[in-house]
Chemist: 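One structure, as structure tokens, below. Some questions next.
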2 protein chains.
Amino acid sequence: MLMINKNSPVPIYYQLEEIIRQQIDDGTLMPGKAIPSEREYAELYQISRMTVRQAINKLVNEGLLYRKKGTGTFVQPKKVEQVFQKLTSFSEDMIERGLVPKSKVLTFEHVPVNDLIAKSLKLENNSTALKIVRIRYADDSPMAIETSYMPADLMKDLQPEQAEESIYEFIEKNLQLKIQTAYQELEATIADEKLANLLNISEGDPVLLINRITYTSDGIPFEFCQSSFCAYRYRFINYLTR
Amino acid sequence: MLMINKNSPVPIYYQLEEIIRQQIDDGTLMPGKAIPSEREYAELYQISRMTVRQAINKLVNEGLLYRKKGTGTFVQPKKVEQVFQKLTSFSEDMIERGLVPKSKVLTFEHVPVNDLIAKSLKLENNSTALKIVRIRYADDSPMAIETSYMPADLMKDLQPEQAEESIYEFIEKNLQLKIQTAYQELEATIADEKLANLLNISEGDPVLLINRITYTSDGIPFEFCQSSFCAYRYRFINYLTR
DNA sequence: AAGTGGTCTAGACCACTCT
DNA sequence: GAGTGGTCTAGACCACTTA
């Protein structure tokens, strides 16, 4: 049996959360079937029921489990990963889809901000932003053209080589910022000549345009990003709850 | 001062949640500023700190508040509504955007299911589905063409007149089902001649195609819906968290 | 050092569902 | 009636941040 180490620095509720998660993965807990009751978990691992609830709450919030009053807690029947509704970088998204991401930096320069960028990033009108344009590949096919604007002073230590890899990684590891939320607008457009050439498609072909503003956990916007995805190769997936 | 009624059937944590929510609304609690500490709330309302945490947890999950270890709990600066990430019907969505929704039913018939429908709705291959095709208007402009498939037996009491209104309303009020989650795929396409005529646009114009499967709280799929939105008039908005 | 959120306990009573 | 999740209490110790 998977055990819980009460002396570990890892919180007990998190250990239990991982145990349940893994048992769903390996089929010990079956989709649509009830998991052990909260009191059973508390007895089994000799922990408080409130701690059990904390673990289960997180999984319910993620949509992996659902509760039925007076009946029990059940594994959500759909096994599709919720992971796509999470805020991910392009690289993380592609890896989730089983594809190999790659990037090529086309532009890496400082530019004065226009009104839209200034407003999105909450910058002064006369300030400068770092502008990065990248072709994003998946399994060596061009998947998207991505134009990012970030506050220049925040990104002063970012090297173009890092931009070929992952900017999110740089922000989280080097700047120690917590990336937390993003606001996105998605719309359908058609490719103009320039975009078509970059994406290796034809003029007039459909393109999924995503505008994203990304915020740290303090609510500070640090990136405005405009992505043009080749519609033939990419669809956007999300989950909604009522 | 807003009070908490301990004898009310309304849970205490929910009463506190509503108090905090309203104080954010009316500006008593300012964006970016700290709210009272958990211990202060507990003392103020003479309730347990765990109950306070339960109220705050919900608001943190919704993104209205955020916590900083050792520092306090703060109001998220962004005032944008989270409402668009919720599972809404077309009508609800349009009303949120300040537009007046209207529908016209083009097709209302029973059809044998094909493989995609059967798989999406978890139906047998020889069963029938109710197929409804509707033009969706916003402020009298055609916004989308929507084709829905639902299990025929489940929808046997649905009248075409109700479909002009809201099918979600019928499901929730008449069938007493809880609509809970939806899985969506969004992609960009271009309008063919037929679609262009219906949407009052030109052939080759961009169209946002949304495929949605909607589930009840028991995880049972009850609707497969394919919507073609006029890209000039509609963009999809969502929020992501890491 | 004082205050904050993070974690945890060992109980309790309630409304609900199922048999 | 037995079992379930929903709510709630009154403490406790911890790591962290700020002054």
Side-chain angles (χ1 to χ4, degrees), chain A residues 3-20 29 32-61 63-76 176-178 180 216-219, chain B residues 3-20 29 32-61 63-76 176 178 180 217-219:
Chain A
M3 281 310 294
I4 282 180
N5 177 3
K6 291 203 191 187
N7 299 317
S8 159
V10 181
I12 295 174
Y13 78 88
Y14 186 77
Q15 294 183 49
L16 178 55
E17 193 189 324
E18 289 303 304
I19 289 174
I20 297 174
L29 300 173
K33 300 288 185 202
I35 69 171
S37 76
E38 298 172 355
R39 285 167 183 83
E40 277 169 18
Y41 274 125
E43 170 68 22
L44 178 61
Y45 293 110
Q46 290 298 301
I47 56 179
S48 158
R49 190 180 148 218
M50 283 300 266
T51 306
V52 175
R53 279 185 68 78
Q54 201 175 348
I56 292 178
N57 274 339
K58 283 194 62 182
L59 296 168
V60 169
N61 277 335
L64 222 58
L65 302 176
Y66 64 94
R67 298 189 210 259
K68 276 174 92 169
K69 250 181 274 194
T71 312
T73 304
F74 300 80
V75 180
Q76 275 287 7
Q176 304 272 22
L177 291 174
K178 278 189 195 154
Q180 175 143 321
T216 66
S217 56
D218 300 340
Chain B
M3 281 310 293
I4 282 181
N5 178 0
K6 291 205 193 189
N7 299 317
S8 160
V10 180
I12 295 174
Y13 79 88
Y14 186 78
Q15 295 183 48
L16 178 55
E17 192 189 322
E18 289 302 304
I19 289 174
I20 296 174
L29 299 174
K33 301 287 185 200
I35 68 170
S37 76
E38 298 173 354
R39 285 166 183 84
E40 277 170 20
Y41 273 126
E43 171 67 20
L44 178 63
Y45 293 111
Q46 291 297 302
I47 56 180
S48 157
R49 190 180 147 216
M50 284 301 265
T51 306
V52 175
R53 280 185 67 79
Q54 200 175 348
I56 292 179
N57 273 339
K58 283 194 63 182
L59 296 169
V60 169
N61 277 335
L64 223 58
L65 302 176
Y66 65 93
R67 297 190 211 260
K68 274 174 93 169
K69 249 181 273 192
T71 313
T73 304
F74 300 80
V75 180
Q76 275 286 7
Q176 304 272 23
K178 276 188 197 155
Q180 174 144 318
S217 55
D218 299 338

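Chain letters run A, B, ... following the sequence lines, proteins first, then strands; residues in each count from 1.
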Chemist: Determine the minimum heavy-atom distance between B:Tyr66 and B:Val75, stating which atoms define it.
Modeler: CE2-O, 3.9 Å

Chemist: Please report the distance, rounded to the nearest Å, between CG in A:Leu65 and P in D:dT4.
Modeler: 16 Å

Chemist: In this structure, how many angstroms lie between the P atom of D:dG3 and the OH atom of A:Tyr41, rounded?
Modeler: 18 Å

Chemist: Can you confirm whether A:Asn57 sits close enough to B:Asn57 that some side-chain heavy atom of one is under 4.5 Å from a side-chain heavy atom of the other?
Modeler: no

Chemist: Base contacts versus sugar-phosphate-only contacts with protein, heavy atoms under 4.0 Å: please encode nucleotides 8-19 of chain D as B, S and - from 5' to 3'.
Modeler: BBB-B---BB--

Chemist: Check the distance between C:dT7's P and A:Asn5's CG and give it to me in whole angstrom.
Modeler: 16 Å

Chemist: Measure from the side-chain N and O atoms of A:Ser8 to the backbone N and O of A:Lys6, and report whether any donor-acceptor pair falls under 3.5 Å.
Modeler: no

Chemist: Which pair of heavy atoms, one from B:Leu29 and one from B:Pro36, lies closest together, and at what distance?
Modeler: CD2-CD, 4.0 Å

Chemist: How many Å lie between CZ on A:Arg67 and C1' on D:dT7, as a whole number?
Modeler: 12 Å

Chemist: For A:Ile35 and D:dG5, what is the distance between atoms CD1 and C1' respectively, to the nearest whole Å?
Modeler: 11 Å

Chemist: Taking all non-hydrogen atoms of both residues, which atom of A:Val10 and which atom of A:Gln15 are closest, and how far apart?
Modeler: O-NE2, 2.9 Å

Chemist: Rounded off to whole Å, could you give me the CG-to-P distance for the B:Asn57 and D:dG6 pair?
Modeler: 15 Å

Chemist: Is there a side-chain contact between A:Tyr41 and A:Ile20, using heavy atoms and a 4.5 Å cut-off?
Modeler: yes

Chemist: Indicate, with a heavy-atom threshold strictly under 4.0 Å, whether A:Glu40 touches base, sugar-phosphate, or nothing.
Modeler: sugar-phosphate

